[in-house]
Amino acid sequence: MNPSLAMTLTLAVLLVANLLTKLWLSGRQVRHVAQHRSQVPAAFAHTISLEAHQKAADYTMAKARVGVADMGLDALTLVAWTLLGGLDLLNQVTLDSMGEGMGQQITLVVSFSLIGGLIGLPLSLFQTFGVEQRFGFNNTTPKLWVSDMLKGLLVGMVLGLPILWLVLWLMQAGGSLWWLYTWAALVVYQLFVMWIAPNVIMPLFNKFTPLEDATLKERVTALMTRSGFTAKGFFVMDGSRRSAHSNAFFTGFGAAKRVVFFDTLLAKLNGDEMEAVLAHELGHFKHRHILKMMATSFATSLAGLALLGWVSQQVWFYTGLGVMPNLNDNNSALALLLFMLVLPLFTFFVSPLSACRSRKFEFEADAYAVTNSDGKALANALLKLYQDNASTLTPDPWYVAFYYSHPPASQRLARMAA
Ligand SMILES: [Zn+2]
């Protein structure tokens, strides 16, 4: 078979396999949650009200339905960009108006991203002002939503354009090992963004005020000292500006960490529960989960770039995906975009592996918290958080295997009790 046709067929088969699997999973999730909607699971009969249980069921099903719309839109967009010739057309239009060169390459990537953003806009609006609003989670005003979008766009430009330029330049001028240099550049870039995020990027979107609760500060400092960490500061973030969902996290490198509490979390948990939640987060550090995740992500991106290095040299990669490569010039931007479009079709089928690993990390962090703080308080905090976020207690096991980065509440509480 000619390799270009083989590429087209591979795309078609993978796309159908992806769609069928995702539809099957969503169908299972909706059915499973609906079947258990009328009764709170026995283990939670005394802690969760039927009303809260049903709200979680309805919220879960509503999110699954948005997910189905999203996957349909994604599939259509992918076909439109590739086999229906969308990317080829965009490439021709930018070539005709700008000629060959770096300017055209960058314009191609930027306009592709903007069009993709526009296509996803209605669903994202519906997610925030439809679903989240209906279940009482949304605090975002339309004005804040627009300002977030514009700021996001600006940050994306300021941070994204230099690295895009560098990657395209390396692809062109880096010789046969360009993918290796590009990988090194991307690793450095990612560490740089992580480094500036807490002080430069996050304050653009949220206000961080020093934590005033002296008792809580003392408790948390004691916990951190016990666990071998020093805190560089405690902050409260105005998460309630956008959403009623709550969280707590650490930022910063090395032993000195900033601790950030969502104001929504402070409002819901008492001192014991707060300490237990932070002990869980410290468990992630003690077990080096973040480092392990980063190592995996760096290793897979190296493999991905090596693969891109090879396919970008094959004419069938372009023609099989509906694009006519520029035969005399470089096709870096086209190769990059096609690769990013097609890659998720492959990686979807290994996503249960990374989700499983992430759930294992959560169990380890829970175990750490139970040993180093109050296990009962952690259980209470988890129940409150699952309830406040309307997470279902009865998800479908297959859906969990593919999508859940955190184990369902029932499993976490059972492990902690044991
Ligand atoms: Zn965790």
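Index from 1, following the sequence. Just follow the structure's listing: the first ligand is 1, and inside any ligand the first atom is 1.
In terms of distance to the Zn ion (ligand 1), the nearest N, O or S atom of Glu362 is named OE1.
Salt-bridge annotation for Asp272 and Arg219: present, with a side-chain N of the basic residue lying under 4.0 Å from a carboxylate O of the acidic one. Ion pair Lys360/Glu364 flagged as a salt bridge, since at least one NZ, NE, NH1 or NH2 atom sits closer than 4.0 Å to an Asp/Glu carboxylate oxygen.
One distance of note links NZ of Lys63 with OG of Ser391; it measures 6.5 Å at 0.5 Å rounding.
When distances to the Zn ion (ligand 1) are checked against a cut-off of 2.8 Å, His280 contributes an N, O or S atom below that limit. Distances from the Zn ion (ligand 1) show that Asp366 has no N/O/S atom below 2.8 Å.
For His53 and Gln39, the side-chain atoms include no donor-acceptor pair closer than 3.5 Å.
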